[in-house]
Protein chains: 4
Amino acid sequence: MAKQLTPHSRVEQAKARNDAILAAALVEFVANGFAATRIDDVAKRAGVAKGTVFHHFTDKERLFESMARAVLQPWVDRIDQLVPAPDMLIRSVIEAFLTPLVEEIATPRGDVLRLFISEGMRFPRLADFYHGEILSKLFGRLRPLLRIAAARGELCNPGIAELPQLIGAPIVVGVLWHGLFQRIEPLDHSALLKVQLDCLFVGKDRG
Amino acid sequence: MAKQLTPHSRVEQAKARNDAILAAALVEFVANGFAATRIDDVAKRAGVAKGTVFHHFTDKERLFESMARAVLQPWVDRIDQLVPAPDMLIRSVIEAFLTPLVEEIATPRGDVLRLFISEGMRFPRLADFYHGEILSKLFGRLRPLLRIAAARGELCNPGIAELPQLIGAPIVVGVLWHGLFQRIEPLDHSALLKVQLDCLFVGKDRG
Amino acid sequence: MAKQLTPHSRVEQAKARNDAILAAALVEFVANGFAATRIDDVAKRAGVAKGTVFHHFTDKERLFESMARAVLQPWVDRIDQLVPAPDMLIRSVIEAFLTPLVEEIATPRGDVLRLFISEGMRFPRLADFYHGEILSKLFGRLRPLLRIAAARGELCNPGIAELPQLIGAPIVVGVLWHGLFQRIEPLDHSALLKVQLDCLFVGKDRG
Amino acid sequence: MAKQLTPHSRVEQAKARNDAILAAALVEFVANGFAATRIDDVAKRAGVAKGTVFHHFTDKERLFESMARAVLQPWVDRIDQLVPAPDMLIRSVIEAFLTPLVEEIATPRGDVLRLFISEGMRFPRLADFYHGEILSKLFGRLRPLLRIAAARGELCNPGIAELPQLIGAPIVVGVLWHGLFQRIEPLDHSALLKVQLDCLFVGKDRG
DNA sequence: GATGAATGAGGGTTCATTCAT
DNA sequence: TATGAATGAACCCTCATTCAT
């Protein structure tokens, strides 16, 4: 009865807290890295007590991984957009997929990607998840696309079809450059993507 | 004469210890990252007392940076080999430079590179050094080479000349892939380099 | 009901621990001085873990200052007794105030005073507190008293009214002497106080 | 022969170094106190190597004590000036002795005195020396003087003759006040001395 | 479940002291 | 005797984790 008066049920409250903790963890981990992030700060930012964090997540590592999964989920969903359209150049499909990513390099999303690159080496399980849930799915979509492109003669080099890493290279390079050197020597991420795609795919005049 | 009998003078011993500490630091930092590396372990590995580490390096950060500089020096030296040869394709000059790097991806040198990528974000001074001593020199050599290549019509796209990052992309992507996913899905680093160069430079038949 | 059964609530326990730490800190700081006191020993004496000390006090300095304030508080309260009584000689009022202090020179309270004199120079904030909370209040009471005494002709020299330090001098000298030389050459603190007051105030026969 | 060319013999050099170390120690100990003073800084200030300090003084405590003795020596010598002059008031003799001390309260000499008061409690041997070499000699001179004064009727109270601490009180109080509170509430040290002497000795008109 | 006081192992850093040169 | 590199015990402080309320 009293429960009706509260806008959220207990489960809903728990879910809300869980999300708040994950969101706070994201900010703190991005800002400080795994080792330098204090659970205390995450709790404070989430507006809960320190102990509550441990009620929701076994330990610091699990919190990190849970946060990672939560953050990466939207990207997983976007991968499904990568489908060949009969009337489109494969390059255009891919470019349409990558362009928003490039624009996010300088946003918090880019920070997250940098974080995973930085910490991934020390979190095999995170790398597993990252590979299993993102890359293998992404490459599972890319490879057929690239094979079609190869068949259509859109590729400069047939080897590209088996090396989808080359498609993502401008994103990876851009993300790292931004994190390490942007303040010293800015890089035009869009140009980087465009030139790379120009090189991987044959020009329009040839197509 | 007595001095001849002792293999090392005091300063030489100090230098030797300094090197031992740097070498030990390299191993430990690569294995554990900055935060999780204990000075105690570095000291033990170097065969000195903990205090000795602080006698040689102000604090943990300085030790890390000194180690970084020491390790990167050989690479700095190698950059000078990047000179155009009148009778060689620019691609060949660049490929000759990059191929050894690719082969080092799976060696301790690669570990170091991964370490710098991981920790560089939290060590602006390290990034400064890395950019100032390595990248700006490397790009300072690459850009003229690429402009020559552009003039000779060796480039697929003239924009490459202003984006030397695309030349290094296979190394960067390879290093990261190795650190994150090699055990899950191996990547043929040589092929990655070859295909990328095939795409950036026009084929022989065209040249 | 259950709450009634437990003698201490959580906050009460925390308060009790806080007090225990302050009491332990007092003993240790008095015995060893600031620099030579180990937080570990304070914790042990207080019956808590080392971390608990830092849970209650930011750092060693704050612990010292908090202890100082806690210990000095009773003295602050006593100052209010320093009020003129119409039918009493000012000297008697002051003597009644100082005599208990003299008797405490050889007790832990005296140790604390010695400690503050020793460490005050290196703790400006402690000196500030000591001056602001104790001396300025004490002198604020003493000066009117002494002016009344001057008006009544009780003072040997009117200048005393503006130098209340002379009233406290026997205490200060006694405290220092006790700490430094008592074992070598004992000093009769009561006599010191009496003779000083005899000299500052005119004799009864004269009054 | 070559020795003739050097201006100082070996012993003289050693003496010079010894003095340099003592002088440096004085400055550092006064500035930082015993615990916070680093032998390294003393050595640097003295222009010698750290090891040299330990060649001249067994350990840090001995260095402190040696410095103390060296610094106090001039004061010991001054005590001999305290002799009764037939045609002078005892008060004048004493005042002539104390006035220069009062004027030194705000000088490095005063810092030294403060240092000894601060650290004396933790250095029984220093207190011993201070008492044996300074105070007992000083009081040995003062007491006869005061007895003469008592016999001459110069004293307000015969008890003063057995409490020479009251003579020194303005100095002690002044030194402490300066160290602890001068910046908060300045004290007129000369006035303090004058009023105290005015109170201890009978006025001129009576004498 | 939520809380936050308590824990205590851990690690960076300091510095008096030693000793080979 | 002078040097200063090396030592290592000591100690402050951090912070993930626990658990009584």
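Letters go in sequence order (proteins before strands), and every chain restarts at 1.
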Using only atom types and a distance under 3.5 Å, with no angle test, would you say the side chain of C:Ser118 pairs donor to acceptor with the backbone of C:Arg114? yes
Take atom CZ of A:Phe54 and atom C1' of F:dC19, then tell me their distance rounded to the nearest Å. 13 Å
Salt bridge check, A:Asp41 against A:Arg45: does any charged N sit closer than 4.0 Å to a carboxylate O? no
d(NZ, C:Lys60; C1', F:dT14) in whole Å: 17 Å
Rounded to whole angstroms, how far apart are CZ on D:Phe34 and C1' on E:dC15? 12 Å
Provide, to the nearest angstrom, the distance between the NZ atom belonging to D:Lys44 and the P atom belonging to F:dT3. 14 Å
Is there a donor on the side chain of A:Lys50 or the base of E:dT3 sitting less than 3.5 Å from an acceptor on the other? no
Specify the separation, in whole Å, of atom CZ of C:Arg17 and atom C1' of E:dA5. 8 Å
Between C:Gly47 and B:Ile39, which residue's closest nucleotide on DNA chain E lies nearer the 5′ terminus? C:Gly47
To the nearest Å, how far apart are D:Asp40 CG and F:dG4 C1'? 9 Å
What is the distance, to the nearest angstrom, from the NE2 atom on A:His56 to the C1' atom on E:dA2? 8 Å
Return the value, rounded to whole Å, for the distance between atom CG of B:Asn32 and atom C1' of E:dG10. 15 Å
So C:Thr58, base contact, sugar-phosphate only, or nothing? Heavy-atom distance under 4.0 Å. nothing
Does E:dT21 pair with anything, Watson-Crick or G-U wobble, both distances under 3.5 Å, and if so, with which nucleotide? F:dA2
Think C:Arg38 has a side-chain N or O under 4.0 angstrom from the OP1 or OP2 of F:dC12? no
Toward the 5' end of DNA chain F, by each residue's nearest nucleotide, D:Val53 or B:Thr52: D:Val53
Nearest heavy atom decides the nucleotide; on that basis, is D:Ala14 or A:Asp59 closer to the 5' end of DNA chain F? D:Ala14
Give the ring-plane orientation class for D:Phe64 versus D:Phe34, where under 30° counts as parallel, over 60° as perpendicular and anything between as tilted. perpendicular
Give none if F:dG8 has no partner; otherwise give the nucleotide forming a Watson-Crick or G-U wobble pair with it, both distances under 3.5 Å. E:dC15
Could you check B:Thr37 against C:Gly51 and say which one's nearest nucleotide on DNA chain E is further toward the 5' end? C:Gly51
If you draw a 6.0 Å radius around CZ in C:Arg62, do more than 12 non-hydrogen atoms from other residues or ligands fall strictly inside? no
Looking at B:Arg125 and B:Asp128, is any side-chain nitrogen of the basic one under 4.0 Å from a carboxylate oxygen of the acidic one? no
E:dA5, OP1 or OP2 - any side-chain N/O from C:His55 closer than 4.0 Å? yes
